[in-house]
Amino acid sequence: MSNQERLKRAAAEKALELVQDGMLLGLGSGSTAKYFTEGVGRLVASGMKLRCVPSSRATAELAAGLGIPIVQELLGAIDLAVDGADEVDPNLNLIKGRGGALFREKIVAAASKRFVVVVDESKLVKQLGVGVLPVEVSPFLWRTTAERLIALGSSLTVRGGEEAPFITDNGNLILDLTFEAGIDNPVDLAAAIKVTTGVVEHGLFVEMTDTCIVAGPTGPRTLGRSAVAARKPGPDGGQGPKGRH
Ligand code: 5RP
């Protein structure tokens, strides 16, 4: 196992300490979140009563194989969602979706009382936009959607190429946007992309992260977001679904 894999596993295993009997868990996607799902499988095997909402078909298959009960319909909030990220800025805003699962990942994060991100320290950036920003779009007239996104200041490519594009779990395309000078204002950009006709969802997760567990050579450390006030009350009147997506 490479050093980076060891760090991913260390971050995910630290997040397992937050799991309590009876919880409904949101399970993320990608190589870091996979370690968390595997750990949840061990907890279930040891007798803990847990249920989960997986954020991709791949995670659903993994969870089912590990014997973790899967919830298909959600009434109320998810207790705890744990997922990886591609980039994390100092405000714990994220870029996600380089694994292609951003739409369901965002629904799961938005439906959770607590959203915990697990990363190795290579994912920390000063400013988002070091790499591409994935945007899921409808395949219908996608070129017109792409033109609107280019008008927001990006260049872009179709994931997988136009000949054999990558198709998401939802039957859509991913456009990978590049912002040459990085992303100055993730809040404004997220809002502008969100209202672009043809866009299904984008990979900016703004003011959604409650806790980020970052694994480095000295072990995992926990970063918290102070601006929890941005959060709306949930269905139970307590902490609940996030305000900004
Ligand atoms: C998938 C995601 C992943 O969480 C993100 O790409 C990080 O993946 P990994 O843990 O494999 O680096 O957003 O859509």
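Every number for a ligand or one of its atoms is a count from 1 in the order of the listing. Everything numeric in this text was worked out from a predicted model, so none of it was measured.
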Any N or O of G30 that comes nearer than 3.5 Å to an N or O of ligand 1? no
Number the atoms of ligand 1 from 1 as they appear, then name those within less than 4.0 Å of a heavy atom of G97, with their elements. 2 (C), 13 (O), 14 (O)
Examine the proximity of ligand 1 to D83 and report which part, side chain or backbone, both or neither, has a heavy atom under 4.0 Å away. side chain
Need the ligand 1 atom indices (1-based, order shown) with element for anything under 4.0 Å from a heavy-atom of G100. 14 (O)
Which residue and heavy atom of the protein sit nearest atom 1 (C) of ligand 1, plus the separation: E105 OE2, 3.1 Å
Taking side chain to side chain contact (heavy atoms under 4.5 Å, CB included) as the criterion, tell me which of D83, L16, T59 meets it with F36. L16
Taking a hydrophobic cluster as the set of Ile, Leu, Val, Met, Phe, Trp and Tyr residues connected by side-chain heavy atoms closer than 4.5 Å, whether directly or through intermediates, do L92 and V117 fall within one such cluster? yes
Quick one, S31 with K8, criterion side chain to side chain donor-acceptor pair (under 3.5 Å). Give me CA distance, side-chain angles, the key distance, then yes/no. CA-CA 8 Å; S31 57; K8 289 178 183 184; 2.8 Å; yes
Consider every N or O of A33 and every N or O of ligand 1, then say whether any pair is closer than 3.5 Å. no
Under 3.5 Å donor-acceptor, T196 side chain and V199 backbone: no
Could you check whether any side-chain N or O of K96 sits under 3.5 Å from a backbone N or O of F205, counting only pairs where one atom can act as donor and the other as acceptor? no
Of the backbone atoms (N, CA, C, O) and the side-chain heavy atoms from C-beta on, which set of A85 has a member under 4.0 Å from an atom of ligand 1: side chain, backbone, both, or neither? backbone
Test side chain to side chain donor-acceptor pair (under 3.5 Å) applied to Q4 and S122, step by step: CA-CA 8 Å; Q4 188 180 25; S122 73; 3.3 Å; yes
